[in-house]
Trainee: 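Have a look at this one.
One-based numbering along the sequence shown. For clarity, every value in this text was computed on a predicted model and none was experimentally measured.
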Amino acid sequence: MIYTFCSTLLRIIYTILFRLEAVGRENIPKEGGVLLCSNHISNFDPPTVGIKIRRQVRFMAKSELFDIPVFGRIIKAVGAFPVKRGGVSKESIKTSLNILRDGEVLGIFPSGSRHNDGGIGKKGAASFALRSGATVIPTAIIGNYKVFRKMKVIYGAPVNLDEFKEDPSGDALERATEKIMSKINEMVQTGVPSK
């Protein structure tokens, strides 16, 4: 209920202020675990990734945010969960995997920090995907959050990671990460959903 209210309110605000457009929503499965892997350009990104789709999207958030009066309670109510600064704890990893295995949607920024391009990519997203069996949807945010300037969020076709599930060479995570990031970077450059 709280998620629906907040999501609807943010959708209206983002549509008015940033003229947010979503492209490729049909690529997101209607059920089952989904990992939305996006570039990261601003603190505004989590709502951008989630508010235009019908399914609830869960995110990791810095643990300090949960200590802020009112705000901390709101982000917890909408499904965010804490991660400590300086690295992802075992508890955060376990929570992420459980979200995906329970058939929910998890949003993640593989670059790990805010960049104005697609980023280099870290192995966490690939690890979550391979360990949970979740569908990976590359996601690109395009724009700069200037008021009344158009923003776009693009959802690409699912990234097939089957080739990395039984990889004997031991570099499966590295190559899977590169494949995910290449799809994100492609969409940042072209402005259209990847295939």
Side-chain angles (χ1 to χ4, degrees), residues 1-83 88 92 95-112 114 124-125 128-129 132 134-158 184 187-188 191 193-194:
M1 183 113 164
I2 294 175
Y3 182 86
T4 302
F5 172 77
C6 291
S7 180
T8 301
L9 181 62
L10 285 170
R11 191 181 307 123
I12 293 167
I13 292 170
Y14 273 55
T15 300
I16 293 170
L17 292 185
F18 304 126
R19 298 173 57 207
L20 181 62
E21 175 190 5
V23 180
R25 285 179 285 195
E26 67 279 2
N27 287 317
I28 301 171
K30 291 181 172 59
E31 56 187 32
V34 173
L35 189 62
L36 297 176
C37 298
S38 177
N39 61 320
H40 197 10
I41 58 176
S42 166
N43 288 329
F44 293 122
D45 291 344
T48 301
V49 168
I51 60 176
K52 289 283 193 171
I53 63 176
R54 295 189 183 275
R55 299 181 65 182
Q56 179 177 359
V57 182
R58 308 271 311 268
F59 284 95
M60 294 181 189
K62 291 184 293 187
S63 57
E64 307 91 73
L65 295 177
F66 292 85
D67 298 327
I68 300 172
V70 183
F71 181 74
R73 295 179 73 178
I74 291 172
I75 62 173
K76 184 175 181 180
V78 298
F81 58 96
V83 59
V88 179
S92 297
T95 300
S96 299
L97 290 172
N98 285 340
I99 286 168
L100 295 170
R101 288 170 179 157
D102 288 345
E104 297 181 67
V105 182
L106 178 67
I108 193 168
F109 302 101
S111 59
R114 296 185 303 275
F128 289 159
S132 69
T135 301
V136 175
I137 300 295
T139 306
I141 300 169
I142 300 175
N144 53 21
Y145 293 104
K146 289 191 176 176
V147 177
F148 305 128
R149 295 280 182 89
K150 189 171 185 176
M151 293 289 301
K152 185 188 285 189
V153 58
I154 305 169
Y155 305 100
I184 296 171
M187 294 192 300
V188 169
S194 60

Trainee: Looking only at non-hydrogen atoms, find the nearest pair between Val78 and Tyr3 and report the distance.
Mentor: O-CD1, 3.3 Å
Trainee: Suppose the criterion is ring pair (Phe, Tyr, Trp, His ring centres under 6.0 Å): which pairs have a residue in residues 62-81, not counting sequence neighbours?
Mentor: none
Trainee: Work out which heavy atom in Gly32 is nearest to a heavy atom in Arg55; give both atom names and the distance.
Mentor: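 For Gly32 versus Arg55, the nearest heavy atoms are O-NH2, 2.8 Å.
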Trainee: Could you tell me whether the side chain of Val153 reaches within less than 4.5 Å of the side chain of Val23, counting heavy atoms only?
Mentor: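 Not in contact.
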Trainee: Are there more than 12 heavy atoms of other residues, nucleotides or ligands under 6.0 Å from atom CD of Glu31?
Mentor: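 Atom CD in Glu31 is not packed in, count stays at 12 or less.
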Trainee: Minimum heavy-atom separation for Gly156 and Ile137, please, with both atom names.
Mentor: O-CG2, 3.5 Å
Trainee: Any non-hydrogen side-chain atom of Ile141 less than 4.5 Å from a side-chain atom of Val49?
Mentor: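 Result yes, sub-4.5 Å side-chain heavy-atom pair found.
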Trainee: Do the non-hydrogen side-chain atoms of Phe109 and Phe59 ever get within less than 4.5 Å of each other?
Mentor: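 Side chain of Phe109 against side chain of Phe59, heavy atoms only: contact under 4.5 Å found.
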Trainee: How close do Ala140 and Met187 get, counting heavy atoms only, and between which atoms?
Mentor: CB-CB, 3.7 Å
Trainee: Report yes if some heavy atom in the side chain of Arg58 is under 4.5 Å from a heavy atom in the side chain of Glu104; otherwise report no.
Mentor: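 Result yes, sub-4.5 Å side-chain heavy-atom pair found.
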Trainee: State which residue, out of Asn27, Ile53, Val105, fulfils the side chain to side chain contact (heavy atoms under 4.5 Å, CB included) condition with Val34.
Mentor: Val105
Trainee: Please round to the nearest 0.5 Å and tell me the distance separating atom CE of Met60 and atom OG of Ser92.
Mentor: 5.5 Å
Trainee: Could you grab the distance from atom CD1 of Ile2 to atom OG of Ser7, nearest 0.5 Å is fine?
Mentor: 13.0 Å
Trainee: Under 3.5 Å, is there a donor-acceptor pair between the Asp45 and Tyr145 side chains?
Mentor: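 Yes, a side-chain donor-acceptor pair sits under 3.5 Å.
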Trainee: Dump the intermediate steps for side-chain contact (heavy atoms from CB on, under 4.5 Å) on Tyr14 and Phe44, then the final yes or no.
Mentor: CA-CA 10 Å; Tyr14 273 55; Phe44 293 122; 3.5 Å; yes
Trainee: Less than 4.5 Å apart, any side-chain heavy atom of Arg11 and any of Thr15?
Mentor: yes
Trainee: Rounded to the nearest 0.5 Å, how far apart are CG of Asn39 and CD1 of Ile142?
Mentor: 7.5 Å
Trainee: Is there a side-chain contact between Ile74 and Cys6 in this structure, where contact means two heavy atoms from C-beta onward sitting under 4.5 Å apart?
Mentor: yes
Trainee: Above 12 or not: heavy atoms from other molecules or residues under 6.0 Å from CZ of Arg73?
Mentor: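 No, because the 6.0 Å sphere around CZ of Arg73 holds 12 heavy atoms or fewer from other groups.
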Trainee: Measure the spacing between CE of Met151 and CD1 of Ile41 and express it to the nearest 0.5 Å.
Mentor: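 Between Met151 CE and Ile41 CD1, I get 4.5 Å after rounding to 0.5 Å.
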Trainee: Does some side-chain heavy atom of Lys62 sit less than 4.5 Å from a side-chain heavy atom of Pro82?
Mentor: no
Trainee: For residues Ala125 and Leu35, report the shortest heavy-atom separation together with the two atoms involved.
Mentor: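 Nearest pair, atom of Ala125 first, then Leu35: O-CD2, 3.3 Å.
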Trainee: OG1 of Thr95 to CG of Leu106: how many Å apart, nearest 0.5 Å?
Mentor: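 Answer rounded to 0.5 Å: 10.0 Å.
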Trainee: Would you give the length of the straight line joining atom NE2 of His40 to atom OG1 of Thr139, rounded to the nearest 0.5 angstrom?
Mentor: 13.5 Å
Trainee: With a 4.5 Å limit on heavy-atom distance, are the side chains of Arg25 and Lys52 in contact?
Mentor: yes
Trainee: For a quick test of reading the model, state the closest non-hydrogen atom pair linking Ala157 to Pro138 and the distance between them.
Mentor: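 The answer is O-CD, 3.2 Å.
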